[in-house]
Protein chains: 2
Amino acid sequence: MKVTIKDIAQAAGVAKSTVSKVMNDSPKISEETKTRVRDIIKQMNYTPSSIATGLARQSSNTVAILIDMSKESEFLNQFFYNIIGGVESVIGPLKYELTIANIQHDQAEGHFLHRLVLNKRVDGIIANTSVLTPELCAELNRLEFPYISIGEINPPGTWVDCDNELGGTVLTGHLLEQGYSSIAFIGGEQNEPLFLRRIAGYTATLRQAGLPVRSDRIINGRAAEEDGYDAAMQLLQSAEPPDAIVCMSNFSAFGVLQAARELKVQIPAQLGIATFDEYPLSPYTTPPLTSLNMDTFQLGVSAGRLLMDKLGTTVTTESGQLLEPVLIPRLSSLRSSK
Amino acid sequence: MKVTIKDIAQAAGVAKSTVSKVMNDSPKISEETKTRVRDIIKQMNYTPSSIATGLARQSSNTVAILIDMSKESEFLNQFFYNIIGGVESVIGPLKYELTIANIQHDQAEGHFLHRLVLNKRVDGIIANTSVLTPELCAELNRLEFPYISIGEINPPGTWVDCDNELGGTVLTGHLLEQGYSSIAFIGGEQNEPLFLRRIAGYTATLRQAGLPVRSDRIINGRAAEEDGYDAAMQLLQSAEPPDAIVCMSNFSAFGVLQAARELKVQIPAQLGIATFDEYPLSPYTTPPLTSLNMDTFQLGVSAGRLLMDKLGTTVTTESGQLLEPVLIPRLSSLRSSK
DNA sequence: TTGTAAGCGTTATCAC
DNA sequence: GTGATAACGCTTACAA
């Protein structure tokens, strides 16, 4: 039923190795036999078994994106889906396959290190920092196994990330430009690196503008609607309410919108809102949200390229690993036009 | 460097075949040797090469989800992302890997039939009807290659789908219950199967309620905001405007909200809105949208189960392939409480 | 330029 | 119970 290299060899009256060389377009085979063998290959509709090839070549031509699906917040992030597309767009044309692996099932023996790496099931890995713990990175380094981290990691490791500090700068700067002067920041989790980066940009921008950085204007919490609502309520009802808020996510921002609506605070007149992340809902809230788009597809592209580089498939790769975010100004923060 | 079955055999002083049997927990091996060999395996940190195993067993323990990333509308649908999660959740524990393949690059020789199927790279395939054309299904049937379609296909093929007709019924029924009596339907593409199913439910429900089905109340178009806006404008400014609208998507619905706002039509008092699909934005529009949630994660689970069944890995599978949608009533259609 | 033969790391079929 | 040995389908020196 299935046709193998042997069948082709026989049909063409040549050795298996010759067929193999023809398949790989070796220069040591005469054009004559090449075309002859190729004809037969077409005729018999032969496709080499990638498993056998993999065994012989000691590689699988596959890379994995690791995801922790147990973390809903992470899995549900459409963010990852875009990364998948970005990675695929660079590795696909290079004849690599993409497998998506959930690290959740990975108890002891089922650990992805075994299931995918030692296994030789994949040639390289892409994952974010919550999966790629320092210990894992150390292990992968020791094994000299190629991997790319989404999010900054320690030196020997290669990573890509969105420039979150710049993001904090851009959002804060935008609000300042719009004439807001008392800007709060909400929705970050205390010591989370993501928050720290973003708040750094926020802080630096305020300082540079000669404005004070007040700790009572920075409210930590989850990046969820309720937390955004609570934070906004607290801020807006304080003695000196801010006149603008930078939010960690669209959901936080929606909570702020809700609070403002209830307190009859006019947006953008009395309160400006600008938020990280461009979710599909950003344009559809009332008013639409000024948001900062991080091109996660491009993030996947960068990660894919870096990985392909490591795998020796030469691709022109930019050395910079930080992607610039793009501000999308919408009504929630535009009062200069008034 | 890398440790193979041979190394273990030598270290344990047994034959390779014995080690293999131990790995597969064959009953013909004494507990004694089993534990001895296992100890060595642990010690030497041995993991069998899945490529070699694949070659020997003639299977890859991998299934693919095919996506056409060139169709933005399709790729961007977070819908697919949930399916991925659903599929993974059933095949993962069964030691299958998941690969995501883009059929876009598949010109001639690069066609996925070669790249994945004839290739033996994957043991089974899951894809939606836009990828699984009748010709492809025929070919796969001929090859007796296992595949599951997301969306109904012809007889020999196995498929899963959301019950879109029931969806049409539920949404229309809900609006009727809320006291609306003149219900329009917008956003479907003329002959698209998805639209036909949904409109069938809508039509049947109206008929059953003794209401007329008026063709001027059914407006086709893309499921995008602008189209929804245009359709709503047209309907609401007509001689006999409807008092409720069923939308094909959240985006259509947002267009309707926009139009209603401009025309000062009160929602839900003067106009009820209910829509297919529960996007993250549904709860955040003004007012929040009554929407119909299709559990696409569960769709992936069903597809995964059916495929595992075909691959002989017995899993308890429900025979029904239609998933029931769940109505999430929100303010945009609730006037009975008033 | 083409053919021979030895791997690649498992599994599976028989003997023992 | 355990061990040779032949597949599995392809690649790759090394010969010819």
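In what follows, every chain begins at residue 1, and chains take the letters A, B, ... in the order their sequences are listed.
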Check your understanding: So which pairs with a foot in residues 44-54 of chain A pass side chain to side chain donor-acceptor pair (under 3.5 Å), sequence neighbours left out?
Key -> N45(A)-H114(B)
Point to revise | Interatomic distance where NZ belongs to K6(A) and C1' belongs to dG9(D) [whole Å] | key: 10 Å
Review point. In whole angstroms, how far is the C1' atom of dC10(D) from the CG atom of D7(A)?
Key: 13 Å
Review point. What pairs with E192(B) under salt bridge (Lys or Arg N to Asp or Glu O under 4.0 Å), at least two apart in sequence or on another chain?
Key: none
Review point. Pairs in or reaching into residues 119-131 of chain B: which pass salt bridge (Lys or Arg N to Asp or Glu O under 4.0 Å), with residues at least two apart or in two chains?
Key: none
Would you give me the side-chain donor-acceptor pairs under 3.5 Å for residues 146-155 of chain B, sequence neighbours excluded?
from	atom 1	to	atom 2	distance (Å)
Y147(B)	OH	N141(B)	OD1	2.9
S149(B)	OG	G151(B)	O	2.7
E152(B)	OE1	R197(B)	NH2	3.1

Exercise for review: Determine: side-chain N/O of Q58(B) to OP1/OP2 of dA7(D), distance under 4.0 Å, yes or no.
Suggested key: no
Exercise for review: Not counting sequence neighbours, list each pair that qualifies as a salt bridge (Lys or Arg N to Asp or Glu O under 4.0 Å) and has a residue in residues 50-65 of chain A.
Suggested key: none
Revision key, fill the gap. Residue set satisfying side-chain contact (heavy atoms from CB on, under 4.5 Å) with T133(B), at least two apart, ordered chain then number -> E135(B), L136(B)
Which atom pairs, donor and acceptor, lie under 3.5 Å between side-chain atoms of residues 4-14 of chain B and protein residues at least two apart or in another chain?
from	atom 1	to	atom 2	distance (Å)
T4(B)	OG1	K6(B)	N	3.1
D7(B)	OD2	T4(B)	N	2.7

Revision key, fill the gap. Outer limits of DNA chain C sitting under 4.0 Å from a non-hydrogen atom of chain B, read 5' to 3', are dG9(C) to dT13(C)
Exercise for review: Using the side-chain hydrogen bond (donor to acceptor under 3.5 Å, both in side chains) rule, take S130(B) and N128(B) through it: C-alpha gap first, then chi angles, then the decisive distance, then the call.
Suggested key: CA-CA 6 Å; S130(B) 82; N128(B) 75 356; 3.1 Å; yes
Check your understanding: Looking across every strand, which nucleic acid part, if any, lies under 4.0 Å from S20(A) by heavy atom: base, sugar-phosphate, or nothing?
Key -> base
Review point. Whole Å only: how far is the CG atom of D25(A) from the P atom of dT12(D)?
Key: 14 Å
Revision key, fill the gap. Applying side-chain contact (heavy atoms from CB on, under 4.5 Å) to A15(A) and not counting sequence neighbours gives S17(A), T18(A)
Between the protein and nucleotides 2-6 of chain D, list the N/O to N/O atom pairs that are separated by less than 3.5 angstrom.
from	atom 1	to	atom 2	distance (Å)
dT2(D)	OP1	S30(B)	OG	3.2
dT2(D)	OP1	T33(B)	OG1	3.2
dT2(D)	OP2	S30(B)	N	3.0
dT2(D)	OP2	S30(B)	OG	3.3
dT2(D)	OP2	T33(B)	OG1	2.7
dG3(D)	OP2	A15(B)	N	3.1
dG3(D)	OP2	T18(B)	OG1	2.6
dG3(D)	N7	S17(B)	OG	3.2
dG3(D)	O6	K21(B)	NZ	2.6
dA4(D)	N6	S17(B)	OG	3.0

Point to revise | Integer-rounded Å distance: dT11(D) P and I51(B) CD1 | key: 13 Å
Point to revise | All pairs passing salt bridge (Lys or Arg N to Asp or Glu O under 4.0 Å) where residues 11-25 of chain B contributes a residue, at least two apart | key: D25(B)-K34(B), D25(B)-R38(B)
Exercise for review: By nearest nucleotide on DNA chain D, pick out whichever of M23(A) and A52(B) is the more 5' one.
Suggested key: A52(B)
Exercise for review: Using a 4.0 Å heavy-atom cut-off across all strands, classify S59(B) as base, sugar-phosphate, or nothing.
Suggested key: nothing
Point to revise | Degree of bending, the helix from dT1(C)-dA16(D) to dC16(C)-dG1(D) (end axes from five pairs; round to 10°) | key: 40°
**Study point:** Pairwise side-chain contact, F297(B) with I83(B), heavy-atom cut-off 4.5 Å (strictly under)
**Key:** no
